[in-house]
A.B. asks: 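Please read through the structure below; I'll follow up with questions.
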Amino acid sequence: MKNHISIIIFGITGDLAKRKLIPALYHLVQLSAFSSVSIIGVGHQQITIEDILNNAQPYIEEMKENSWQSFVALFTFFQCDITNKTQMEQLAYHIADIEKPYKTPSNRLFYFAVASTFFAQATKLLHTTGLCKQTVPTDDYWHRLVYEKPFGHDLISACTINEIIKQTVNESQIFRIDHYLTKDVVYNITLLRFSNIIFEPLWNHTYIEEIHIVLHESLGIQNRGAYYDAYGVLKDVVQNHILQIIALIGMDRPATLEAESIRTARLNTIKHIVFEDGLLGQYARYTDEPYVAMDSKTPTYALLKCFINTPQWQNTPFFISAGKKMANAEVGIHIKFKKPKNIVAHPLATPHNWLTIQLSPDAIFSLQLNVQNTAQQDALVPVDMVFCHSCLFGTRKSQAYETLLQDVIAGKIESAVRYDEIEAAWRIIDSIENKNLPLFVYEPASFDKEEAIFAFKEKHTLSFKSKK
Ligand code: BG6
């Protein structure tokens, strides 16, 4: 029998807990992933746990009414300012009370689903109140801390937070997570590249013309104005999810498929990413959103051109297009191969081959090949060979956070980013911010109709892979 686990979520009333963490916990409980668990939600609002959980219900896929009450019974809510010592001491009593019936010391998972400005102070208090022991975790007994991205808001702040945390707990207790790393398709990039001999010989500037990383969301910032306005698209998704994806696409073969080797290979790529050109956008009426400054210049869209400065990728642009309130929700990677040379010339223009790795709306791999249209002998048509990961393996949308929580509980570092990767990523974002890029305003769902986008595309002869 495994020890009891207490999962303490800081920021239980926030958007992340509502949309991702509570649904993930629900499914893990349904899957009997915990032999014994208590979940302590911590927030500064006055609210009941029933209200918090009811607000999360719409985000739970395949919910079963008859399992709800037993799920609710696992939770308690504790109202607390996590930077206040006295209140954190009271939290310690609350948790001790919950854990009292269990014979062996409970394992504890502290989840920081709050802005990184709280990380350092709250971690110190976890230590001084004895809530989190500084221990080298073992299979039987552990205290672990999970920090949501972005870790810091620039290089200096990340460094300061990291120094304080490192003095308080052991590195092996720290999980600076990025949930994109646990998405099946993202995890599969490494396997796709290194377990299929057909890709690696072509995976370089000789055969690849350019790479597009697209993270388009149709939603706006929802109720996250206070957080989002302080961060914006560059820090919210480019510094972490997108740079991690570029690292997985661009990295050299890792020494092994162990997480630590992959981290090193990713770091060696991120260190060589250089920004060349870009522009930023803000959706119209963004400043009307709650908790957003009336004169805010925070970008909600970014179009960036970067390079990886290594012999493998010389002169291969990596274009990033990421934003909120886009016309179509799409997250994916499009790899555009060069046109074939020195083969028997076809009378018609040969389209590019494209490899698409799509994360959402469906998890799909597709390879676009050119074939002859038999009805029209002289026509060459591009066709897609498609493999639908989610159709075949039945992945649920909320699965990334389920995997992440299970990884942390098992002490696996697959979903966590090493601090040196974070530091290298902040160097890039800081360099982009220092450029003071122009900011244009776009109408929701029609950013691509804006003059600034046309001009950028023309300047860089960029055309995104069209949806068929
Ligand atoms: C989060 C960002 O990290 O990722 C959000 O803070 C964004 O702004 C989200 O919406 C996207 O994640 P997913 O898993 O829904 O693609």
Side-chain angles (χ1 to χ4, degrees), residues 11 14-24 27 56 58-61 111-119 146-153 175-189 213-245 248 280-283 286 289-292 298-302 320-326 328-333 357-364 389-390 395-405 407 415-417 422 425 429 444:
D15 198 65
L16 178 72
K18 177 173 74 181
R19 294 200 301 134
K20 308 278 188 180
L21 292 175
I22 295 170
H27 286 294
Y59 301 94
I60 299 180
E61 293 169 77
Y111 199 116
F112 285 86
V114 290
S116 62
T117 38
F118 293 99
F119 291 177
V146 178
Y147 298 95
E148 260 295 334
K149 46 68 31 187
F151 190 90
H153 58 266
F175 291 74
R176 304 170 192 88
I177 53 103
D178 183 328
H179 79 279
Y180 264 55
L181 295 177
T182 55
K183 288 186 184 257
D184 284 342
V185 175
V186 175
Y187 188 73
N188 258 301
I189 293 173
I213 319 287
V214 175
L215 199 162
H216 288 180
E217 299 178 272
S218 48
L219 295 175
I221 57 165
Q222 305 205 274
N223 297 321
R224 303 163 73 212
Y227 155 79
Y228 197 91
D229 204 38
Y231 288 80
V233 66
L234 292 175
K235 302 177 185 189
D236 184 43
V237 295
V238 179
Q239 189 270 347
N240 32 80
H241 307 328
I242 291 185
L243 291 183
Q244 283 293 319
I245 288 177
L248 289 169
L280 302 172
Q282 185 186 78
Y283 63 77
Y286 165 77
E289 302 272 13
Y291 304 107
V292 167
T298 299
T300 58
Y301 174 75
I320 297 168
S321 175
K324 303 271 186 197
K325 295 235 177 176
M326 303 281 104
N328 298 305
E330 185 214 338
V331 185
I333 304 143
I357 304 174
Q358 185 178 287
L359 280 68
S360 66
D362 289 310
I364 283 173
H389 190 92
S390 36
T395 320
R396 270 195 315 278
K397 288 204 174 74
S398 61
Q399 213 133 321
Y401 274 88
E402 291 171 38
T403 310
L404 190 153
L405 288 164
D407 277 2
S415 41
V417 179
I422 292 179
I429 301 302

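Remember, it's 1-based here, ligands and their atoms both numbered in the order they're listed. Here, residue 1 is the first one in the sequence, and each next residue gets the next number. Predicted model only: the values in this text are computed from it and were never measured.
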A.B. asks: Can you list every protein residue that has a heavy atom under 4.0 Å from any atom of ligand 1, sorted by chain and residue number?
C.D. replies: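 For ligand 1, the contacting residues are K20, K149, H179, Y180, K183, E217, R224, D236, H241, K324.
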A.B. asks: Pick one: which of Y227, Y228, Y231 meets side chain to side chain donor-acceptor pair (under 3.5 Å) with D236?
C.D. replies: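 The side chain to side chain donor-acceptor pair (under 3.5 Å) with D236 is passed solely by Y227 among Y227, Y228, Y231.
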A.B. asks: Under a 3.5 Å distance rule, please check whether T182 uses its side chain to pair with a backbone N or O of A400 as donor and acceptor.
C.D. replies: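 Side chain of T182 to backbone of A400, a donor-acceptor pair under 3.5 Å: yes, one is there.
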A.B. asks: Any side-chain to backbone donor/acceptor pair from D229 onto G225? Under 3.5 Å, distance only.
C.D. replies: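 No, because the side chain of D229 does not come within donor-acceptor range (under 3.5 Å) of the backbone of G225.
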A.B. asks: With D178, which of L243, V186, N240 fulfils side chain to side chain contact (heavy atoms under 4.5 Å, CB included)?
C.D. replies: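 Passing option: N240.
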A.B. asks: Tell me if a side-chain donor or acceptor on Q358 pairs with a main-chain N or O of G332 at a distance below 3.5 Å.
C.D. replies: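 No, the answer is negative, given that no donor and acceptor are paired below the 3.5 Å cut-off.
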A.B. asks: Just distance, no hydrogens or angles: give the donor-acceptor pairs under 3.5 Å from side chains in residues 213-224, sequence neighbours left out.
C.D. replies:
unit_1 : atom_1 : unit_2 : atom_2 : d
H216   : NE2    : S321   : OG     : 2.6
E217   : OE1    : K324   : NZ     : 3.0

